Amino acid sequence: MGSADVPGPTPRRPLQQDGDPGRYEPEAHGPPVDGRVETALRAAQQYYLQRSTMGAIAKELGTSRSTVSRLLSYARDAGLVEIHIHRPQPRANVVERRLRESFDVRAHVARVPSTATNVERLELTAIQAARVINSVFDSDMVIGLSWGTMVNAISRRLIPKPVHNCQFVQLNGVGNSRATGTHYSHQMFSAFGSAFDAVVQQLPAPLFFDSAATKRALFRERVVRRVTELQQAADAALFSVGTVADGTPSSPYLAGYFLDDSDFVSLAEDEAVGDIATVFLRADGSHHGVRLNERTSGPDLDRLREVDHRICAVSGDHKIGALRAALAGGYITHLVIDERTAALLLGTLDAPPA
C-alpha cells in the first residue's frame, strides 16, 4: 500500500501500518480537499449530533464503513470536531436532581450543545427518551401512545427490545373531516410495534369531532369502546405537551387545518395553556370545563393519573407554560427534557407569580 498525506491544518504525516485506527487513507479517486472537508462535516454531524451509526452514514454517503471511520478521524484531526471529557456529576445530573426535588418526577436531561438548533434539541431529547422507554417498557404491558412531533421523533430513534405480549394503544385520533392524518401516524405506530414486536391498537376516530353529540355516539360503538377500555388498562403512557400559543406546533392540528379561529377563541376564554394528547389544560393543571375537550378524542386525564409510568418528553422554549400545567396536574412521573428547556423551567420557580 502506498503512502499519502492528510490535508488540513495538522502537519503532513505518512500513513501508519494497516490496523492503526488513527490513519486516514484517501481513496484513489476521492474528492478535492474542500469536498472532503464538507463530507467529513456531514459524517461528523450525523455521527455525533444525530447519533447515526457508521453503517447508516456509509449508506447515505455511498461509501464504506471504513471510509466513514477515516472521515471521522480526519474531522477530529482537522479541528472540525472537538471532544470534551467531563468529570463525574455533570451539569445534567445537577439539573435532574433539582427537577426531581421541585416537581416530584424522575427527570432525564438530554445534554445539548450551546449552539444546537431547536430541531437538534428535539432530536437529542428523542434519543434520550428512546433510552428511557427501553428501561420502562417490558413484556405483558399495555402502553398508550399520543401522536405528535416529539413522539414521532422518538419513533425514529427506537432501540429494538425483545419483549412478548406487549400492546400499544393509540390515545387520541388522527384526523377530521378535512384531513385524515393517517400518513403521519401510521408510520409512527408501526415503528413502535416493530421495535417491541408488539400489537398496535389504533383509535378509529378523528382528532376532533364537529360536535360533542357525535363524539358521544361514536364512543358508544363497540369497536371504539374496546380501544378506550384498553387505554384505561394501560401500564405506561408516552406523550408530550402541546401549546396553544407561539412556537413550533407539537401536533398538526395547530398547523391550521384541524382547528379554526373560533376554536382558539374558545381556548383563550377557557384559559387553556396547553394539552396532553389533545385534552386541554389550564395553568393549574385542571381540564374540566374547557369546552373544546367535549369534542376531542383524547383520553380521560383523570384516569391517566392512575397509569403507573407516565413518560413526557419535551423540548422547546415555547413549551414551558404547557409543561408547568402538566406538572401541576400531576400527569407526569418521568420527564425527559433537554438542558436548555430544563433551565427555563427551573427559572420559573424563581420568577414572581404572574
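All figures in this text were calculated on a predicted structure; none of them were measured in a lab. Note that the numbering runs from 1 along the sequence shown for the chain.
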Is the [atom1] atom of [X] crowded by more than 12 outside heavy atoms at less than 6.0 Å?
X	atom1	value
Asp261	CG	no
Asp308	CG	yes
Tyr47	OH	no
Arg340	CZ	yes
Asp197	CG	no

Are [X] and [Y] ion-paired here, with the side-chain N under 4.0 Å from a carboxylate O?
X	Y	answer
Arg157	Glu123	yes
Glu269	Arg291	yes
Lys215	Asp210	no

Has the side chain of [X] got a donor or acceptor atom that lies under 3.5 Å from a matching backbone atom of [Y]?
X	Y	result
Thr228	Arg225	yes
Thr125	Ile337	no
Arg282	Asp270	yes
Asp235	Val142	yes
Thr296	Thr278	yes
Gln170	Asn172	yes
Gln46	Ala43	no
Lys319	Gly242	no
Ser102	Leu99	no
Thr341	Gly316	yes

Hey, does [Y] have a side-chain heavy atom less than 4.5 Å from the side chain of [X]?
X	Y	value
Asp140	Cys166	no
Thr39	Arg36	no
Leu349	Phe103	yes
Val314	Val336	no
Met54	Leu72	yes
Val94	Glu96	no
Phe137	Val163	no

So, taking the atom named [atom1] in [X] and the one named [atom2] in [Y], what distance separates them when rounded to the nearest 0.5 Å?
X	Y	atom1	atom2	value
Phe239	Asp275	CZ	CG	11.0 Å
Gln45	Ser52	CD	OG	11.0 Å
Asp263	Arg295	CG	CZ	4.5 Å
Leu203	Leu230	CG	CG	11.0 Å
Leu292	Phe264	CG	CZ	9.0 Å
Leu335	Leu345	CG	CG	7.0 Å

Legend entry - Working for side-chain contact (heavy atoms from CB on, under 4.5 Å), residues Arg100 and Val105: CA-CA 5 Å; Arg100 182 177 65 252; Val105 294; 5.7 Å; no
Mind checking whether [X] and [Y] sit in one hydrophobic cluster, side chains of I, L, V, M, F, W, Y counted as touching below 4.5 Å?
X	Y	value
Val151	Val136	yes
Val169	Leu218	yes
Trp147	Val244	yes
Leu344	Val109	yes

Taking all heavy atoms of [X] and all of [Y], pick out the closest pair and write down the distance.
X	Y	answer
Pro204	Val227	CD-CG2, 4.2 Å
Glu339	Val112	OE1-N, 3.1 Å
Ala234	Gly144	CB-N, 4.3 Å
Leu158	Ala191	CD1-O, 3.6 Å
Ala116	Arg121	CB-CG, 4.1 Å
Asn293	Phe280	OD1-N, 2.7 Å

Inset, instruction - Determine, stepwise, if the pair Ser66 / Ser69 fulfils side-chain hydrogen bond (donor to acceptor under 3.5 Å, both in side chains). - result: CA-CA 5 Å; Ser66 59; Ser69 178; over 6 Å; no
Legend entry - Exercise: do Ser139 and His164 side chains pair donor with acceptor under 3.5 Å: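 Looking only at side-chain atoms, His164 and Ser139 do form a donor-acceptor pair, the distance falling under 3.5 Å.
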Inset, instruction - Sort out for me which residue in Ile143, Asn134, Asp138, Ile159 forms a side-chain contact (heavy atoms from CB on, under 4.5 Å) with Phe196. - result: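 Exactly one candidate clears the test, Asn134.
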Inset, instruction - Go through Tyr74 and Val37 one step at a time and tell me if the side-chain contact (heavy atoms from CB on, under 4.5 Å) criterion holds. - result: CA-CA 9 Å; Tyr74 170 58; Val37 169; 3.4 Å; yes
Inset, instruction - Taking the six-membered ring for Trp and the full ring for Phe, Tyr or His, determine whether the centres of Phe189 and Phe168 are under 6.0 Å apart. - result: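 No - the distance between ring centres of Phe189 and Phe168 does not fall below the 6.0 Å cut-off.
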Inset, instruction - Kindly indicate, with the supporting measurements, whether the criterion side-chain contact (heavy atoms from CB on, under 4.5 Å) is fulfilled by Asp302 and His287. - result: CA-CA 9 Å; Asp302 292 330; His287 61 92; 3.3 Å; yes
Pairs under 3.5 angstrom only: tabulate donor-acceptor contacts from the side chains of residues 322-332 to other protein residues two or more places apart or in another chain.
unit_1	atom_1	unit_2	atom_2	d
Arg324	NH1	Thr348	OG1	2.7
Tyr331	OH	Gly285	O	2.8
Tyr331	OH	Arg305	NH2	2.9

Inset, instruction - Check the pair Asp338 / Ser315 against side-chain hydrogen bond (donor to acceptor under 3.5 Å, both in side chains), numbers first and verdict last. - result: CA-CA 6 Å; Asp338 74 88; Ser315 177; 2.9 Å; yes
Inset, instruction - Please state whether the rings of His108 and His334 are parallel, tilted or perpendicular, taking 30° and 60° as the class boundaries. - result: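 Aromatic pair His108/His334 classed parallel.
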Inset, instruction - Enumerate the residue pairs fulfilling salt bridge (Lys or Arg N to Asp or Glu O under 4.0 Å) with a member in residues 48-67, sequence neighbours excluded, ordered by first and then second residue. - result: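 Those involving residues 48-67 are Arg42-Glu60.
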Inset, instruction - Please assess Thr243 against His318 for the test side-chain hydrogen bond (donor to acceptor under 3.5 Å, both in side chains), listing each intermediate value before the final yes or no. - result: CA-CA 7 Å; Thr243 174; His318 60 295; over 6 Å; no
Inset, instruction - Determine, step by step, whether Leu238 and Ser146 satisfy the side-chain contact (heavy atoms from CB on, under 4.5 Å) criterion, reporting the C-alpha distance in whole Å, the side-chain angles of both residues, the deciding distance to 0.1 Å, and the verdict. - result: CA-CA 6 Å; Leu238 174 64; Ser146 171; over 6 Å; no
